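Remember, predicted model here, so these are calculated numbers, not experimental data.
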Amino acid sequence: MLFNSITFIFFLAVVVLLHYSPLSWAAKKTNLLVASYLFYAAWNPYFVLLLLMSTLVDWKVAARIYTSANLHERKFWLVISLLVNLGALAFFKYTNFLMENLAVVAEAAGIQFAWQENNIVLPMGISFYTFQTLSYTIDVYRGRMKPWNSLRDYALYVSFFPQLVAGPIVRAREFLPQTLEPKVFDGRSFSVGVALLLIGLMEKVFLADSVFAPLVDPVFQAQQAPDILSAWAGGYFFTMQIFCDFAGYSLCAIGTAKCLGFRLPFNFNSPFAATGFSNFWTRWHISLSSWLRDYLYISLGGNRLGRSKTLRNLMLTMALGGLWHGAKWPMIIWGIYHGVLLIAERLIQNRASRPLAAPGVIRTFAARVVTLFFIVVSFTIFRSDDITQVGTMLSVMFGLSAGEV
């Protein structure tokens, strides 16, 4: 069920009417939970079972972590959560990718390895709700929250339909306390929610799909390499397209949740005004970048283990972040590329003996221009279909090949 569909408008209208009816708060939460599962089942009813499995496993695991008598036992249950959630994600999202590449390696080594791609359907939203349930068990493991006392509330947190499919990625300690507050209709808040939903739809449907996509697709779908101007235009317009698409969807989710009285975190904060690459990642897909920082980068040791290991942790975090986006080599290269940018930025900052002499306004403007330049290159990699197209686009963009006029 898409936000820009008539079906969703009717669905939301019914949910809102029930949500602000004279029913008890417990009944309203049950209605939201049922609505969220119906929303997900409208795409593929069978995968509701996977969503339910992930919910129940982490609900039970978090409780066992909290009551475990020692650190070894707590780690055991955390590993169970990681294996179940990441195992399901790896199977559905990466099986074909891994086996295809294993076949290539085996063939290069002269080993017979026949692999026929399986028709594995990727469950909608699995990358997002997997990270949400993991944040719950990890936060309980770290002592940042206690297990929630209502399975219904926790199931609503995992499946809440406004952000179930494409985020923002919400932390349990941000969402669950909101389930304690009965929602009363507030005309001003509801109006703001509707406005955010409409702005998000405008970004997604009009700008991303109708304005930028027709400018991007001919460049990346052409049979021959583009000329240098077309390559740069395609990369720039795709950067705008993916921002409007993703930021638009996030606004739709935030606005829909606000109509129901719930607060979701904003996911984008003027990312193209970034004055550096670390600054960019505090502005772009904030719920993902903060998740990777808090649950992956810090778990690897963060910046506490010396410079070389800090740089290693940055690279691993960004490479895995690229892989999270999709089972394609361009996605992994995109993540590694951002890792290189972050490492280079950190090394340059560490070695700078004195600040630049340029005035602040000029320095800020130059930093934004340089940052956007490298970001456009990164999204050109992201949009490419395979490694060959990555090489073709970059060689044209940097004048290493002429392309076709």
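- Shown here for T239 and I242, the closest heavy-atom pair between the two residues is O-CG2, 3.4 Å.
- Side-chain N or O atoms of Q389 include one that pairs as donor or acceptor with a backbone N or O of F220 at under 3.5 Å.
- In this structure, the side chains of V219 and M393 come closer than 4.5 Å at one or more pairs of heavy atoms.
- When all heavy atoms are compared, the tightest approach of L264 to A253 is CD1-O, 3.6 Å.
- Ion pairing between R173 and D139 holds under the 4.0 Å rule for side-chain N and carboxylate O.
- Remark: the backbone N or O of L176 is paired with a side-chain donor or acceptor of T179 at under 3.5 angstrom.
- Summarising the geometry of W329 relative to N101, their closest heavy-atom pair is NE1-OD1, 2.7 Å, with the distance given to 0.1 Å.
- Side-chain atoms of S230 never come within 3.5 Å of backbone atoms of P226 as a donor-acceptor pair (strictly under, hydrogens ignored).
- Across V140 and R74, no two heavy atoms sit closer than the pair O-NH2, 4.4 Å.
- Ring pair F379/W334 is tilted by interplanar angle, where 30° to 60° counts as tilted.
- Taking the six-membered ring where tryptophan is involved, the planes of F11 and F39 are tilted, since the angle between them lies from 30° to 60°.
- Pairs of residues two or more places apart, or lying in two chains, never qualify as side chain to side chain donor-acceptor pair (under 3.5 Å) while including a residue from residues 365-377.
- If you look at Y297 and W291, their ring centroids are not closer than 6.0 Å.
- Judged by distance alone, the side chains of N267 and H285 do bring a donor and an acceptor atom under 3.5 Å apart.
- Side-chain atoms of S54 do not come within 3.5 Å of backbone N or O of L50 as any donor-acceptor pair.
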Donor-acceptor list for residues 188-198 side chains, cut-off 3.5 Å, not counting sequence neighbours:
{"from": "S191", "atom 1": "OG", "to": "G187", "atom 2": "O", "distance (Å)": "2.8"}

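- For the pair R64 (side chain) and W77 (backbone), a donor-acceptor distance under 3.5 Å is absent.
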Result block: side-chain N/O donor-acceptor pairs under 3.5 angstrom for residues 318-325, not counting sequence neighbours:
{"from": "W324", "atom 1": "NE1", "to": "S127", "atom 2": "O", "distance (Å)": "3.3"}
{"from": "H325", "atom 1": "ND1", "to": "G321", "atom 2": "O", "distance (Å)": "2.8"}

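- For residues 308-317, there are no side chain to side chain donor-acceptor pair (under 3.5 Å) pairs, not counting sequence neighbours.
- Distance check, rounded to the nearest 0.5 Å: OG of S159 to CG of L33 gives 5.0 Å.
- The backbone N or O of T137 lies less than 3.5 Å from no partner atom in the side chain of S81, so there is not a single donor-acceptor pair.
- No more than 12 heavy atoms of other residues, nucleotides or ligands lie within 6.0 Å of CZ in F206, so this atom counts as exposed by the packing criterion.
- Looking at E174, its side chain does come within 3.5 Å of a backbone N or O of R171 through a donor-acceptor pair.
- Cation-pi geometry between K183 and Y20 is not met at under 6.0 angstrom from the ring centre and within 45 degrees of the axis.
- Remark: R263 engages Q178, E181 in a side chain to side chain contact (heavy atoms under 4.5 Å, CB included) (not counting sequence neighbours).
- T364 places no side-chain N or O within donor-acceptor distance of the main-chain N or O of V361, the cut-off being under 3.5 Å.
- For the pair L32/L18, no side-chain contact is recorded, criterion being any heavy-atom separation below 4.5 Å from C-beta on.
- Judged by distance alone, with hydrogens and angles left aside, the side-chain atoms of S210 form a donor-acceptor pair with the main-chain N or O of V205 at under 3.5 Å.
- Residues meeting the ring-ring contact (aromatic ring centres under 6.0 Å, His included) test with Y337, sequence neighbours left out: none.
- Between F175 and F262, the ring-plane angle classifies as parallel under the 30° and 60° cut-offs.
- Not one N or O on the side chain of Q241 forms a donor-acceptor pair closer than 3.5 Å with the backbone of F237.
- With respect to K204 and D209, a salt bridge is recorded, a charged nitrogen being found less than 4.0 Å from a carboxylate O.
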